Number of protein chains: 2
Amino acid sequence: MTVEADSLFSALAHPLRLRALLLLQQEGELCVCELTHVLAVSQPMISRHLAQLRQAGLVSDRRQGLWVYYRLHAALPDWAQQVLAMTAEGVAGESPYADDRAALVAMPNRPEASCCA
Amino acid sequence: MTVEADSLFSALAHPLRLRALLLLQQEGELCVCELTHVLAVSQPMISRHLAQLRQAGLVSDRRQGLWVYYRLHAALPDWAQQVLAMTAEGVAGESPYADDRAALVAMPNRPEASCCA
DNA sequence: ACCAGATATATGGATAATCATATATTTGAG
DNA sequence: CTCAAATATATGATTATCCATATATCTGGT
């Protein structure tokens, strides 16, 4: 009941938020600078959309030094997580989703946090 | 590739379209008058949203006498159908989705087509 | 002619993009 | 240690764009 279906789907309705959520679903945790780079948008723009996702209760953020890391919210209902997982899998080969993942891997100077666990 | 993820999720972003699609997912086929009654909106309004779903390739329609029946499009990718099924299951107990199904069952004078198969 | 359904147009309200600015944290000079 | 600069992110405010609704009208089938 915490997260309504309406909130989830209006969040997913924007291409940028969809791409961001699918990335988070697959990567676990990403910082703002990574999302900015991969999605190739301005910093205020990604920040805006992340704020929306945060306010909708879909993601949670954590500050570590200069960086802020986002992940899917732990309280996301199971069905919602599965919706994301299924979508990620369904569109895995398509553009721009496949390119996003490639761009992430290719990104130089990623702040670690998950690189050398 | 026929149906993009973007189209699916922008369709789902409107509460009315979400409810309609979930009903179709569960019921198989419904006519416009049933959707109008259950969702309690004006005829032009439901017609407009159904037209959007049709143009997005999410549903197909079939005329039978006076009535027009809608169903999920047969060409919907598997993952998209699963997204709908999973959502339907996930919100089954919640409002207004549970009420919608109840209203459908309680509706008087439904055109048959699926009542006495 | 009557009924179910579809569409056109106009209007109001929400949503997004943009630029500028603000906050938090770290780094380095003195 | 303190203060200024630099970096990462967030937020205000404005403008533009899109989307939904309402009313009226049209079409297609009986």
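No experiment lies behind these values; they were computed from the predicted model shown. Reminder, nothing fancy here: chain letters follow the sequence lines and each chain counts from 1.
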Checklist line | Candidate list B:Arg54, B:Arg62, B:Glu29, test side-chain hydrogen bond (donor to acceptor under 3.5 Å, both in side chains), partner B:Tyr70, passing option | finding: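 Exactly one option meets the side-chain hydrogen bond (donor to acceptor under 3.5 Å, both in side chains) with B:Tyr70, and it is B:Arg54.
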Check: Taking the six-membered ring for Trp, are B:Phe9 and A:Phe9 parallel (under 30°), tilted (30 to 60°) or perpendicular (over 60°)?
Finding: parallel
Notebook entry, point to check: Is there a donor-acceptor pair under 3.5 Å between the side chain of A:Ser47 and the backbone N or O of A:Gln43?
Noted result: no
Notebook entry, point to check: Any sub-3.5 Å donor-acceptor pair from B:Gln25's side-chain atoms to B:Leu21's backbone N or O?
Noted result: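 Between the backbone of B:Leu21 and the side chain of B:Gln25 there is no qualifying donor-acceptor contact (under 3.5 Å).
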Note to self: Please report the interatomic distance CG(B:Leu24) to CZ(B:Arg17), rounded to the nearest 0.5 Å.
What the structure shows: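 Going from CG on B:Leu24 over to CZ on B:Arg17, the span is 13.5 Å.
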Starting at atom [atom1] of [X], determine the distance to atom [atom2] of [N], rounded to an integer number of angstrom.
X	N	atom1	atom2	answer
B:Glu34	C:dA4	CD	P	13 Å
A:Leu50	D:dT11	CG	P	11 Å
A:Gln55	C:dA16	CD	P	12 Å
B:Gln64	D:dG29	CD	P	14 Å
B:Tyr69	C:dA4	OH	P	12 Å
A:His37	D:dT9	NE2	P	13 Å
A:Leu39	C:dA16	CG	P	15 Å
A:Leu30	D:dT9	CG	P	12 Å

Which nucleotide in the list [options] gets nearest to the side chain of [X]?
X	options	value
A:Pro44	D:dA22, D:dT11, C:dA6	D:dT11
B:Ser47	D:dT9, C:dG5, D:dT21	C:dG5
B:His14	D:dT23, C:dC19, D:dT21	D:dT21
A:Arg63	C:dA4, D:dA8, D:dA20	D:dA8
B:Arg54	C:dT7, D:dT11, D:dA8	C:dT7

Next item on the list: Please confirm whether any donor atom in the side chain of A:Arg48 sits under 3.5 Å from an acceptor in the base of C:dT15, or the reverse.
Entry: no
Next item on the list: Would you state whether a donor and an acceptor, one from the side chain of B:Gln43 and one from the base of C:dA4, lie under 3.5 Å apart?
Entry: no
Whether [X] contacts [N] is assessed here as follows: a side-chain N or O lying under 4.0 Å from the phosphate OP1 or OP2. Is that the case?
X	N	answer
B:Gln52	D:dC19	no
A:Tyr70	D:dA10	yes
A:His49	C:dA17	yes

Item checked: Toward the 5' end of DNA chain C, by each residue's nearest nucleotide, A:Gly65 or B:Leu66 ->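 Its nearest nucleotide being more 5', the pick is B:Leu66.
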Next item on the list: Nearest-nucleotide wise, let me know which of A:Ser42 and B:Ala51 is further upstream toward the 5' end of DNA chain C.
Entry: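 It is B:Ala51 whose nearest nucleotide is closer to the 5' end.
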